[in-house]
Amino acid sequence: MNTSIPGTGERNLVLAAGRAHPELAEAVADELGIGLLPVSAYDFANSETYVRFGESVRGADIFLLQSHTAPVNQWLMEHLLMVDAAKRASARTVTAVTPFYGYARQDKKSRGREPISARLVADLLRTAGADRIMSVDLHTAQIQGFFNGPVDHLWAMPLLTEYVRTRVDTSNVTVVSPDAGRIRVAEQWAEKLGGGPLAFVHKTRDVTRPNQAVANRVVGDVEGRECVLVDDLIDTGGTIAEAVKVIMDAGAKSVVVAATHGVLSDPAGQRLSECGASEVVVTNTLPISAEKRFDRLTVLSIAPLIGRAIREVFDDGSVTSLFDGNS
């Protein structure tokens, strides 16, 4: 199979990927109708990483796909090395495709003497030679401003809402935000699901204790209604599991959980399978191994969306046209 798509003039689209999420990379390549560029990547005995492209990328528009899954530092470093290798190999343009952007939750200083790690990742990608970044559902939209170049911010919402519509009665649905800060996203969900009411879970968080939050009560109309609890990611599952319990205690008929990124760090599987949610829906922006899966988990493929976005960028088209003009 060809590993490039001829473009106008001498332009060629090339897709290469690191070792973090090979299944997604293969699926995106299938969507584009090409093969992945061969990449040699391995670790030395002292844990340093080596990468080399197996074919010339001179003059190519290369898209380097790497999802920053655990161990995040290893795969982020491999991504940076691929970007550097492509730039030094005279690629025409280099796009870093990060379905899950590492360190995105560290996008501001909560206390003094902290780093803004999400900005540092953007600086590292830029310094390595990336001309643009493509990512799915950044933790906060402001991260787009951390990178000094184009950022294609893709939304998984159309994919998720299309599926969730088949799982709930849209005439009796309430969209619930896990906190007050994501009400805007919940509003967009509600519009997609027919304009039902909104609710949010009031919670408190201790910034000195990561991955821990306390869900206190639900604010809004959930009694007797089918609820859709939406978030951008699920890590250890503690916040979502507690939110589900609070919503059910408030009289909800059922709760479907929908999130873009299934980080699912231990013990997320156990928490989510026991919290009372009728279904947990995520996408495959991150690899979800067999030991992380549970009976009520549904994983949707994000590959068609990424494939279409890559093609729009290559053809100088409009990425925002994929999302009704939103970005």
Trainee: If we count only N and O atoms by modelled type, under 3.5 Å, do the side chains of Arg58 and Ser90 hold a donor and an acceptor together?
Mentor: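 Yes, because at least one side-chain N or O of Arg58 sits under 3.5 Å from a partner of the opposite role on Ser90.
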Trainee: Distance alone, cut at 3.5 Å: any donor-acceptor contact between the side chains of Asn284 and Glu23?
Mentor: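 Result is no, nothing qualifies.
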Trainee: State whether the side chain of Gln66 and the backbone N or O of Ala20 hold a donor-acceptor pair below 3.5 Å, judged by distance alone.
Mentor: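 Side chain of Gln66 to backbone of Ala20, a donor-acceptor pair under 3.5 Å: yes, one is there.
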Trainee: Please go through Trp75's hydrophobic cluster and name the other residues, only I, L, V, M, F, W, Y counting, with side-chain heavy atoms under 4.5 Å joining them.
Mentor: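 Its cluster partners, ordered by chain and number, are none at all.
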Trainee: List the steps, then state whether side-chain contact (heavy atoms from CB on, under 4.5 Å) holds for Val228 with Leu193.
Mentor: CA-CA 10 Å; Val228 180; Leu193 295 179; 4.2 Å; yes
Trainee: If you measure from the Lys or Arg side-chain nitrogens to the Asp or Glu carboxylate oxygens, is any gap between Arg105 and Asp232 under 4.0 Å?
Mentor: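 Result for this pair is no, no salt bridge flagged.
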Trainee: If you measure only the distance, is there a donor-acceptor pair under 3.5 Å linking the side chains of Asp137 and Tyr101?
Mentor: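 Tyr101 and Asp137 do not have a side-chain donor-acceptor pair below 3.5 Å.
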Trainee: With the threshold set at 4.0 Å, does a side-chain nitrogen-carboxylate oxygen contact exist between Lys292 and Asp266?
Mentor: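 No, Lys292 and Asp266 are not salt-bridged.
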Trainee: Find out if a path of hydrophobic residues (ILVMFWY) with successive side-chain heavy-atom gaps under 4.5 Å connects Val136 to Val185.
Mentor: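 Yes, one cluster joins them.
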Trainee: Any cation-pi pair here, Arg11 with Phe314, using under 6.0 Å and within 45°?
Mentor: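 The answer is yes, since Arg11 meets both limits relative to Phe314.
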Trainee: Using only heavy-atom distances, determine whether the side chains of Arg225 and Thr174 contain a donor-acceptor pair under 3.5 Å.
Mentor: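 Side-chain D/A pair, Arg225 to Thr174: present.
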Trainee: Apply side-chain contact (heavy atoms from CB on, under 4.5 Å) to residues Met82 and His79 and explain how you reach the verdict.
Mentor: CA-CA 5 Å; Met82 288 194 299; His79 206 185; 3.8 Å; yes
Trainee: Is any NZ, NE, NH1 or NH2 atom of the basic residue among Glu279 and Arg167 found under 4.0 Å from an Asp or Glu carboxylate oxygen of the other?
Mentor: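 Result for this pair is yes, salt bridge flagged.
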Trainee: One thing to verify: whether Arg119 and Asp123 come together as a salt bridge, which I'm taking to mean a side-chain N less than 4.0 angstrom from a carboxylate O.
Mentor: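 Salt bridge flag = yes for Arg119 with Asp123.
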Trainee: Who else is in the cluster with Phe44 when I, L, V, M, F, W and Y are joined by side-chain contacts under 4.5 Å?
Mentor: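 Listed partners: Tyr42, Tyr50.
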Trainee: If we count only N and O atoms by modelled type, under 3.5 Å, do the side chains of Thr3 and Glu55 hold a donor and an acceptor together?
Mentor: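 There is such a pair (donor and acceptor under 3.5 Å, judged by atom type) between the side chains of Thr3 and Glu55.
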Trainee: In sequence, state the C-alpha distance, the side-chain angles, and the governing distance for Met134 and Thr98, and then conclude on side-chain contact (heavy atoms from CB on, under 4.5 Å).
Mentor: CA-CA 6 Å; Met134 181 179 293; Thr98 62; over 6 Å; no
Trainee: Please find out if less than 6.0 Å separates the ring center of Phe100 from that of His261.
Mentor: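 Under 6.0 Å, so yes.
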